[in-house]
2 protein chains.
Amino acid sequence: MKKVTIKDIAKEANVSTATVSYILNNVPKQTITDETRCRVLTAAERLNYVPNLAARSLVKRKTGLIGILINRAANEPWWRQLRYADMVNQLEQLLTERGYHVVLSSIEAEKPKVGIIAERKLDGVFLIDVKEEHFYSISFHFPAGVPLVVVDSLVEDSLFYKVIHDYELALQTAQSWNVGHACYYVIEPYYNEPYVQAIKDAIGVEDSQLYVMEDEAQLTEFISRQPAGSKGIIFNEFIGTLAAKYADPADLTIVCTSGCPEMVPARAKRVSAIENKSQISFELMIQLLKLDGELPIDKYIKVK
Amino acid sequence: MKKVTIKDIAKEANVSTATVSYILNNVPKQTITDETRCRVLTAAERLNYVPNLAARSLVKRKTGLIGILINRAANEPWWRQLRYADMVNQLEQLLTERGYHVVLSSIEAEKPKVGIIAERKLDGVFLIDVKEEHFYSISFHFPAGVPLVVVDSLVEDSLFYKVIHDYELALQTAQSWNVGHACYYVIEPYYNEPYVQAIKDAIGVEDSQLYVMEDEAQLTEFISRQPAGSKGIIFNEFIGTLAAKYADPADLTIVCTSGCPEMVPARAKRVSAIENKSQISFELMIQLLKLDGELPIDKYIKVK
DNA sequence: GTGAAAGCGCTAACAA
DNA sequence: TTGTTAGCGCTTTCAC
């Protein structure tokens, strides 16, 4: 089973490779006799031809590859590892439907290497949860014109399009369900500090009432310090399930940011913060891809 | 910021493209003057050169791309979606360390398209949870010589290397903890029926004591039908957390197959079934990759 | 309507 | 030690 090329097809069908290419790609402006088209198509079929996308990329200058790059440190706890699983699934599914192939790459939180973008000539990239201070080096070594959608990261750089969830709205909703109660908050950590800070600011309570999740032991302690009868507003459903081990689920409101609202404990309340974050990110990417350049679009998009 | 090629470097350093290539790739058998090497290297640096892997792939006939293809149906429940998240993370991390890039693709459970393997000329592929009946068509349209590691799927085809977890051992352990008790079992579904069947056979209890997870409602019902005081042995930690909503966690033993043992409810027992499944799969792949052909290795590998 | 030929960026014989 | 050159498989002018 050796590799079949258009040359083989050309020979088989007694045409030139150009003609084969025209036909296989349905080139719009090329008129082809039904007869030759048919001959070529059946030849291709018979020979079991599969195009070589690397070769195609080389000449078309489009690879059809989209990257999903996620910031990750070594030894992350399970709730952190799983955090973007849903988003990756969704994006991958949507992109695949659209005919793109997805390159998945974790990048080290400490020293993010994004060489893959240039090396693989990715057509577009999702960058997830990136430290603020790394954006400079990223944008510096960056092939201009590659659509770059930054997720869950705040950064002052007009090069990037950013998608974040509407934590303010989610917060309002959650709070509206708990009026008149003492509340404590648990939020999820991001490598992007400004984002964490923005969420903190939006919440605007004292440090004693807010915990940025780090590990289960600290969480336990934090919760145990809260006055009896307090209500908890927890960001992220994985963290929520942990909190539910130490607080009455009925006292909790979980803000779902990982796309798994079904997993929150039965008696806890939940508000979904990302209804369609993947969808939005995807659509933004498609827009950028098709415009093939700058877009007169808000650089910040808040989901839902 | 236009794209720099070895030709640019060659010009800049007053050498031929061949020389540049030699130097940039540290070609073993080529001796190069320190002086030219230095000139070329600095030129490359100055110009901010990034190799084009597509071009390289074309001539080397190796793409450096490894595929992770996961069988997925539309609208899977959350516990199913997350099931391979950890494995994907792990594999990706290991492969990235080794200098490979990872292409992630979900394939439809109903009509799996694996064209990506041939089109992208993937150097190796992990195929996860594939229906038995699809293997024929897969192996038929398959570029010979591509290492193919099949995970969580039983199939009688010597073309593939298979990795499954050692459910028998896990089972023994779990059972040894519950001797003298009435036990019921909940196992996770796989698209690969023979695998499900094999697990069922290993358990060997009546249908009334075994449930293949489908949805939460049925799970509830199943559990409620069990005699009071029964112990439950649940495969998969996500399913385990669901079960814990309807049974006393203390009565449960969770067989962790998704790499997140930390998430099982505090009072439940747990046995890890996959200690190092990703690691094993990865190493197998590396072996195959380096042998560049057949390997006198067991086609079935049971993890742990 | 079809084909010849020039590349895309890179590697690897083979010469020099 | 370095350069020349022939491709890898494909697309795309531009002639015919």
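Here the structure is a predicted model, which is why all the values come from computation and not from measurement. Here is how names work: the chains are called A, B, and so on, in the same order as the sequence lines, proteins then strands, and each is numbered from 1.
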Ignoring hydrogens and angles, tell me if any N or O in the side chain of A/N192 forms a donor-acceptor pair with the backbone of A/V130 under 3.5 Å. yes
Phosphate OP1/OP2 of [N]: any [X] side-chain N/O under 4.0 Å:
| X | N | result |
| --- | --- | --- |
| A/T19 | C/dG3 | yes |
| A/N52 | D/dC8 | no |
| A/T5 | D/dC8 | no |
| B/S21 | C/dT11 | yes |

Sugar-phosphate only, base, or nothing, as touched by [X] at under 4.0 Å among non-hydrogen atoms:
| X | value |
| --- | --- |
| B/T33 | sugar-phosphate |
| B/N14 | sugar-phosphate |
| A/V15 | sugar-phosphate |
| A/S57 | nothing |

Test for a donor-acceptor pair under 3.5 Å between the base of D/dG9 and the side chain of A/Y49, counting only N and O atoms. no
If you take atom types as modelled and just measure distance, does the side chain of B/Y22 reach the base of D/dT4 with a donor-acceptor pair under 3.5 Å? no
How many whole angstroms separate atom [atom1] of [X] from atom [atom2] of [N]?
| X | N | atom1 | atom2 | value |
| --- | --- | --- | --- | --- |
| A/R39 | C/dT2 | CZ | P | 8 Å |
| A/K62 | C/dG9 | NZ | P | 13 Å |
| A/N25 | D/dT11 | CG | P | 4 Å |
| A/K29 | C/dT2 | NZ | P | 17 Å |
| A/L24 | D/dG9 | CG | P | 15 Å |
| A/K11 | C/dA4 | NZ | P | 14 Å |
| A/Q30 | D/dT13 | CD | P | 10 Å |
| B/I23 | C/dC10 | CD1 | C1' | 15 Å |

Would you check if A/L24 and A/Y49 make a side-chain contact, meaning some heavy-atom pair closer than 4.5 Å? yes
Which of these passes side-chain contact (heavy atoms from CB on, under 4.5 Å) with A/F126: A/L95, A/L148, A/V150, A/V102? A/L95
Which nucleotide, [options], lies nearest any side-chain atom of [X]?
| X | options | result |
| --- | --- | --- |
| A/K3 | D/dC8, C/dG9, D/dG9 | D/dG9 |
| B/R61 | C/dT2, D/dC10, D/dG9 | D/dG9 |
| A/T17 | D/dT11, D/dT2, C/dA12 | D/dT11 |
| A/L58 | D/dT12, D/dG3, C/dC8 | C/dC8 |
| A/A18 | D/dG3, C/dT11, C/dA5 | C/dA5 |

If the threshold is 4.0 Å, N to carboxylate O, is there a salt bridge linking A/D129 and A/R83? yes
Residue pair B/I32/A/V59 against DNA chain D: nearer the 5' end by closest nucleotide is B/I32
Assess B/R80 against B/Y190: is NZ or CZ under 6.0 Å from the centre of the six-membered ring, and within 45 degrees of the ring's axis? no
Identify the residue among A/E108, A/E193, A/E110 that makes a salt bridge (charged side-chain N to carboxylate O under 4.0 Å, His left out) with A/K131. A/E110
